[in-house]
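The residues of the chain are indexed from 1 along the displayed sequence. Note that this is a predicted model, so its numbers are computed, not measured. What you see below is based on every heavy atom in this structure, not just the backbone, and it leaves out hydrogens, waters and symmetry mates.
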Amino acid sequence: MSTWIDACAVDDVDEEDLITWEHGGKLYAIYNTEKGFFATDGLCTHEEQSLEEGLVVGCVIECPLHGGRFDICTGKALSTPVSINLATYPVKVEGGRVYVQVS
Ligand code: FES
């Protein structure tokens, strides 16, 4: 069953940046991009590095460890050394809060 969880305030995530958020023993990344808010797994699929210190450029997140890049909107792995896509999660914004749909 999927549930919407109140993850953070809109203001908690700077524009073109992300925060990580832990829920149910799992790390998520929440992004504020030019296309709106998105959520993915918070760990890189290459070597499970947290993406918290990663660089957001447009709708791309670059892993801080080896520079692998993912499309934030789709989770698609874009450049080596990453080859496995990031899981993505539905996001909605209501009343100044960011909700993530987790299973
Ligand atoms: Fe992310 Fe290697 S851990 S690219």
Side-chain angles (χ1 to χ4, degrees):
M1 198 182 93
S2 294
T3 317
W4 290 101
I5 306 289
D6 183 344
C8 62
V10 167
D11 293 345
D12 290 340
V13 195
D14 291 339
E15 281 180 32
E16 286 231 13
D17 204 359
L18 75 148
I19 61 167
T20 53
W21 169 62
E22 207 173 320
H23 176 74
K26 189 173 161 64
L27 193 69
Y28 298 85
I30 300 172
Y31 308 84
N32 182 0
T33 77
E34 60 198 14
K35 292 185 182 170
F37 284 84
F38 292 88
T40 69
D41 275 341
L43 297 177
C44 182
T45 59
H46 180 228
E47 286 186 3
E48 300 205 332
Q49 166 71 34
S50 168
L51 295 171
E52 183 161 21
E53 300 300 325
L55 184 66
V56 175
V57 179
C59 283
V60 172
I61 172 72
E62 184 177 296
C63 176
L65 192 54
H66 307 115
R69 293 158 64 244
F70 300 91
D71 184 311
I72 290 168
C73 306
T74 64
K76 187 172 169 39
L78 298 176
S79 65
T80 58
V82 297
S83 57
I84 301 169
N85 297 344
L86 273 179
T88 60
Y89 302 90
V91 170
K92 67 178 179 181
V93 176
E94 275 179 15
R97 303 292 302 178
V98 179
Y99 294 82
V100 180
Q101 191 176 44
V102 300
S103 48

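The side-chain hydrogen bond (donor to acceptor under 3.5 Å, both in side chains) search around Asp6 returns Arg97, not counting sequence neighbours. Among residues two or more places apart in sequence or in another chain, the side-chain contact (heavy atoms from CB on, under 4.5 Å) test is passed with Glu34 by Glu16, Cys59. Residues satisfying the side-chain hydrogen bond (donor to acceptor under 3.5 Å, both in side chains) criterion with Glu47, sequence neighbours excluded, are absent altogether.
Closest approach of Gly75 and Thr88 over heavy atoms only: N-CG2, 3.5 Å. Nearest heavy atoms, Pro64 versus Gly54: CD-CA, 3.7 Å. Here the closest heavy-atom approach between residue Leu27 and residue Ser50 is recorded as CD2-OG, 3.9 Å. Shown here for Gly67 and Ser79, the closest heavy-atom pair between the two residues is O-OG, 4.1 Å.
Remark: Glu48 CD is loosely packed, at most 12 non-hydrogen atoms of other residues, nucleotides or ligands lying under 6.0 Å away. Summarising the local packing, NZ of Lys92 is surrounded by more than 12 heavy atoms from other residues, nucleotides or ligands at distances under 6.0 Å. Counting heavy atoms of neighbouring residues, nucleotides and ligands inside a 6.0 Å radius, atom NZ of Lys26 exceeds 12 of them.
Grouped by direct or indirect side-chain proximity (heavy atoms under 4.5 Å, Ile/Leu/Val/Met/Phe/Trp/Tyr only), Tyr31 sits with Leu18, Phe38, Leu51, Val56, Ile61, Phe70, Ile72, Val82, Leu86. Residue Trp4 belongs to a hydrophobic cluster whose other members are Tyr99, with links defined by side-chain heavy atoms closer than 4.5 Å. Through side-chain heavy atoms spaced under 4.5 Å, either directly or across other Ile, Leu, Val, Met, Phe, Trp or Tyr residues, Val93 is tied to Ile5, Val10, Val13, Ile19, Trp21, Tyr28, Ile30, Phe37, Tyr89, Val91, Val98, Val100, Val102.
Interatomic distance, Leu78 CG to Asn85 CG, rounded to the nearest 0.5 Å: 8.5 Å. In this structure, OG1 in Thr80 is found 10.0 Å from CZ in Arg69, a value given to the nearest 0.5 Å. To the nearest 0.5 Å, atoms CD (Gln101) and OG (Ser2) are separated by 4.5 Å. Atoms CG and CG, from Asn32 and Asp17 in turn, are 8.5 Å apart once rounded to the nearest 0.5 Å.
Asp71 places a side-chain N or O within 3.5 Å of a backbone atom of Thr74 that can act as its donor or acceptor partner.
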Apply side chain to side chain contact (heavy atoms under 4.5 Å, CB included) to the pair Cys63 and His46, showing each step before the final yes or no. CA-CA 9 Å; Cys63 176; His46 180 228; over 6 Å; no
